[in-house]
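All remarks here apply to the structure that follows.
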Amino acid sequence: MTAPRLRFPPAPSGWLHVGGARTALYNWLAARGGDGTFVLRIEDTDAERSDDAAMRGMLDSLRWLGLTWDEGPDIGGPHGPYLQSARRPLHDAVVRRLQEAGQAYEAFETAEELEADRQRAQEQGRPPGYSGAHRDLTPEQRAAYRAEGREAVVRARTPDEGTIAFDDAVRGTVEVGWDQISDFVIARADGSPTYYLANTVDDLAQGITLIARGEDLLNATPRQLLLADWLLDDTGGHSLLDEALAETGLVPRPDVPRPTYAHLPIIVGEDRKKLGKRHGSVAVDEYRDQGYLPEVMCNFLALLGWSYDDRTERFTVPELIERFSLDRVGRNPALFDTDKLRALNGDRIKELGDTELADRLVPFLIAADALPSHPTPAQRALLEGLAPLVRERIQTLAEAPPLIAWAFADEVTLDERSVAKHLKGRAGEVLDRAAAVLSEVEPWQAETILAGLDELCTELGLGRGKVMQPVRVAVTGSQVSPPLPETLALLDRDVVVARVRAARAHVTEPAEGS
RNA sequence: GGCCCCGUCAUCUAGCGGUCUAGGAUGCCAGCCUUUCAAGCUGGUUGCGCGGGUUCGAAUCCCGUCGGGGCCGCCA
């Protein structure tokens with residue numbers, strides 16, 4: 001059996017959509033798990049939608065997820081180019097040969113005319129596809145249209161009858177009648193190839209053996225299969241694709257089987273509709289910025305349409321590579337469930353060691369202005385001390401700064417609500433005594449601090465809550481923080497005591513007589 | 001409208017004729033724990049869209065029906 005060759009062919013339009021990321025992941029997993037090759041090809045045939053920055057963003061997002069490629073636009077490979085626009089000569093040659101062979105023809109309708117046709121068809125309840133009006137234009141008619149200043153698109157001549165069936169790794173056998181498929185455009189008026197053509201040609205030329213893509217492309221498959229038939233037919237000794245490849249100086253198509261297909265269920269939002277911008281974040285970058293870990297994204301994305309068994313749902317990336325298989329991909333739409341993502345992320349964070357968690361937290365604290373862009377060793381050490389205290393309390397990395405930013409600040413900002421709630425009643429007395437107790441605790445450790453505060457509880461006849469909360473607010477500025485004694489122990493004692501004293505001024509004294 | 005795909009708890013998912021009085025997870029609720037917030041532990045919650053058939057037996061197979069989604073572009 002030949003080694004599988006898989007690819008991810010994104011259009012460089014904008015950022016990497018989570019749906020695209022899932023597609024990329026599945027292909028990558030199939031490649032890595034099958035000892036195959038993963039190819040990245042950028043499909044920038046639509047010049048209007050393509051630019052360099054968008055492509056770089058795409059590559060960065062893939063790298064962040066850890067989806068490394070063996071052949072691609074940045075690293076090259078034996079079956080390049082990997083930028084689709086650079087393969088234009090090949091596409092042109094194929095289109096020309098298809099026309100010569102009578103499988104494709106020029107059509108001169110304008111976009112406006114076609115749009116009007118579609119409108120009319122819609123209103124009359126007819127199929128909205130192309131009528132085939134220009135299928136058999138004579139050379140004279142073509143010349144006349146050209147004389148009018150019209151430009152031609154090239155359309156593929158699809159069969160008028162019969163059906164096409166193909167085997168899909170996820171759906172099983174899919175069968176469609178050719179009467180449903182009208183002549184489709186393979187080259188635009190400006191000569192550039194459309195997705196149908198370029199994508200098919202490139203997959204074939206680059207020897208792709210398995211194509212996993214979204215279900216939204218299921219209906220595109222018959223057209224591509226038709227093209228593949230034409231391109232690969234070698235009854236004359238060599239195929240149309242071979243000739244085009246030779247003509248344009250590209251390497252021959254590798255000797256591999258024709259690609260098979262796997263159509264992945266679409267990803268839907270809470271409203272069960274295809275996931276889109278209205279559903280909130282759909283770019284993987286946004287999830288990165290919100291503090292989701294790349295390995296968790298892979299885990300979660302893998303679960304969007306795939307399952308391993310009836311109970312396992314957390315996988316490391318190596319486990320995914322080993323266990324993933326297309327035959328366990330489901331057919332139902334997959335719901336992008338953010339709660340589930342959060343839960344998985346929280347679980348993973350709990351597994352992180354102090355050093356690693358601190359490492360991953362740094363960029364988020366910098367982004368929150370809690371740390372300078374180059375933290376000092378002392379700040380770094382403090383963060384590592386704080387790491388075990390926040391670990392259980394956050395589900396995303398971005399949730400950490402609100403919890404611990406105060407520890408790096410020179411001055412605390414007291415939260416109004418926390419002050420109102422806890423710096424009242426006997427809080428003044430508590431703070432006075434706490435300042436005294438804390439200045440004397442020896443050594444300055446969590447255990448001794450706790451013991452000191454407990455003694456204070458006894459002395460004042462108060463519960464821990466009544467003592468701890470005022471101190472917590474005084475030192476951290478908030479009524480919510482990591483465990484107090486452990487936290488205090490990480491800080492400089494003088495700072496702690498000073499903050500406790502300073503907070504004294506914010507205490508609302510009890511009303512007269514109470 | 002045509003074609004294609006899909007239909008198990010609120011949500012995702014396991015289930016590929018008997019082991020299912022339907023399992024796991026997320027969410028939610030309650031209790032325990034407790035210095036705040038979490039975490040953890042324990043328990044609870046709700047489901048095979050509907051109607052026919054096939055079969056000794058159906059969540060699992062078939063048909064119909066209803067519902068949802070996808071695609072019908074000189075986007076990919």
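Below, all heavy atoms of this structure are taken into account, side chains as well, without hydrogens, waters or symmetry copies. In what follows, chains carry the letters A, B, and so on, assigned in the order in which the sequence lines appear, proteins first and then strands, with residues in each chain numbered from 1. Given the structure is predicted, the values throughout are model-derived calculations rather than measurements.
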Tell me which nucleotide among [options] gets nearest to the side chain of [X].
X: A/T194; options: B/C6, B/A76, B/U36; answer: B/A76
X: A/S307; options: B/U13, B/G70, B/C37; answer: B/U13
X: A/L335; options: B/C6, B/U11, B/A14; answer: B/U11
X: A/D216; options: B/U36, B/C71, B/G7; answer: B/C71
X: A/Y195; options: B/G69, B/C6, B/A76; answer: B/A76
X: A/I266; options: B/U36, B/G70, B/C74; answer: B/G70

task: Using side-chain hydrogen bond (donor to acceptor under 3.5 Å, both in side chains) as the criterion, list what pairs up with A/W69, not counting sequence neighbours.
output: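 Applying side-chain hydrogen bond (donor to acceptor under 3.5 Å, both in side chains) to A/W69 gives A/D74.
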Between [atom2] on [N] and [atom1] on [X], what's the gap in Å once rounded to a whole number?
X: A/H91; N: B/C74; atom1: NE2; atom2: P; answer: 18 Å
X: A/I267; N: B/C6; atom1: CD1; atom2: P; answer: 18 Å
X: A/E115; N: B/C72; atom1: CD; atom2: P; answer: 13 Å
X: A/R331; N: B/C12; atom1: CZ; atom2: P; answer: 16 Å
X: A/W306; N: B/G15; atom1: CH2; atom2: C1'; answer: 16 Å
X: A/N332; N: B/C16; atom1: CG; atom2: C1'; answer: 14 Å
X: A/L344; N: B/C12; atom1: CG; atom2: C1'; answer: 11 Å
X: A/E486; N: B/U34; atom1: CD; atom2: C1'; answer: 13 Å

- prompt: Between A/H422 and A/S182, which has a closest nucleotide on RNA chain B that is more 5'?
  reply: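 Result: A/H422.
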- prompt: Of A/G465 and A/K350, whose nearest nucleotide on RNA chain B comes first from the 5' end?
  reply: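 That would be A/G465.
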[atom1] atoms of [N] and [M], separation to the nearest Å:
N: B/C20; M: B/C9; atom1: C1'; value: 14 Å
N: B/U34; M: B/U26; atom1: C1'; value: 25 Å
N: B/C62; M: B/C16; atom1: C1'; value: 16 Å
N: B/C33; M: B/A39; atom1: C1'; value: 11 Å
N: B/C50; M: B/A59; atom1: C1'; value: 14 Å
N: B/U8; M: B/C3; atom1: C1'; value: 27 Å
N: B/G27; M: B/G64; atom1: P; value: 41 Å
N: B/U46; M: B/G24; atom1: C1'; value: 16 Å

N-O pairing of [X] and [Y] below 4.0 Å:
X: A/E399; Y: A/R391; result: no
X: A/R96; Y: A/D92; result: no
X: A/R433; Y: A/E429; result: no

Who does [N] pair with, Watson-Crick or G-U, both distances under 3.5 Å?
N: B/G31; result: B/C41
N: B/U54; result: none
N: B/A10; result: B/U26
N: B/U60; result: none
N: B/C16; result: none
N: B/C71; result: B/G2

- request: With side chain to side chain donor-acceptor pair (under 3.5 Å) as the test, would you mind laying out the steps for A/H134 and A/D183 before giving the verdict?
  value: CA-CA 10 Å; A/H134 288 191; A/D183 293 354; over 6 Å; no
How would you label the contact of [X] with the nucleic acid (heavy atoms, under 4.0 Å): base, sugar-phosphate, or nothing?
X: A/R213; result: nothing
X: A/L218; result: sugar-phosphate
X: A/Q180; result: sugar-phosphate
X: A/T110; result: base
X: A/E151; result: nothing
X: A/P485; result: base
X: A/R171; result: sugar-phosphate
X: A/E399; result: nothing
X: A/V153; result: base
X: A/P483; result: base
X: A/P482; result: base
X: A/R391; result: nothing
X: A/L217; result: base
X: A/Y196; result: base

Please determine, by modelled atom types, if [X] and [Y] share a side-chain donor-acceptor pair under 3.5 angstrom.
X: A/D415; Y: A/S478; result: no
X: A/R213; Y: A/T23; result: no
X: A/R342; Y: A/Q395; result: yes
X: A/T396; Y: A/Q290; result: no
X: A/T221; Y: A/H263; result: yes

- prompt: For the base of B/C37, is there a side-chain donor-acceptor partner from A/R393 under 3.5 Å away?
  reply: yes
query: With respect to the phosphate group of B/C71, does any side-chain polar atom (N or O) of A/R223 fall under 4.0 Å of OP1 or OP2?
result: no
statement: Protein-proximity profile, nucleotides 24-31 of chain B, B/S/- by nucleotide at the 4.0 Å heavy-atom cutoff, equals SBSS----
message: Determine whether the aromatic ring centres of residues A/W306 and A/Y26 are separated by less than 6.0 angstrom.
response: no
query: Does anything in residues 328-350 of chain A pair up under ring pair (Phe, Tyr, Trp, His ring centres under 6.0 Å), and if so which pairs, sequence neighbours excluded?
result: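 Of all non-adjacent pairs touching residues 328-350 of chain A, those that pass ring pair (Phe, Tyr, Trp, His ring centres under 6.0 Å) are A/Y287-A/F336, A/F300-A/F336.
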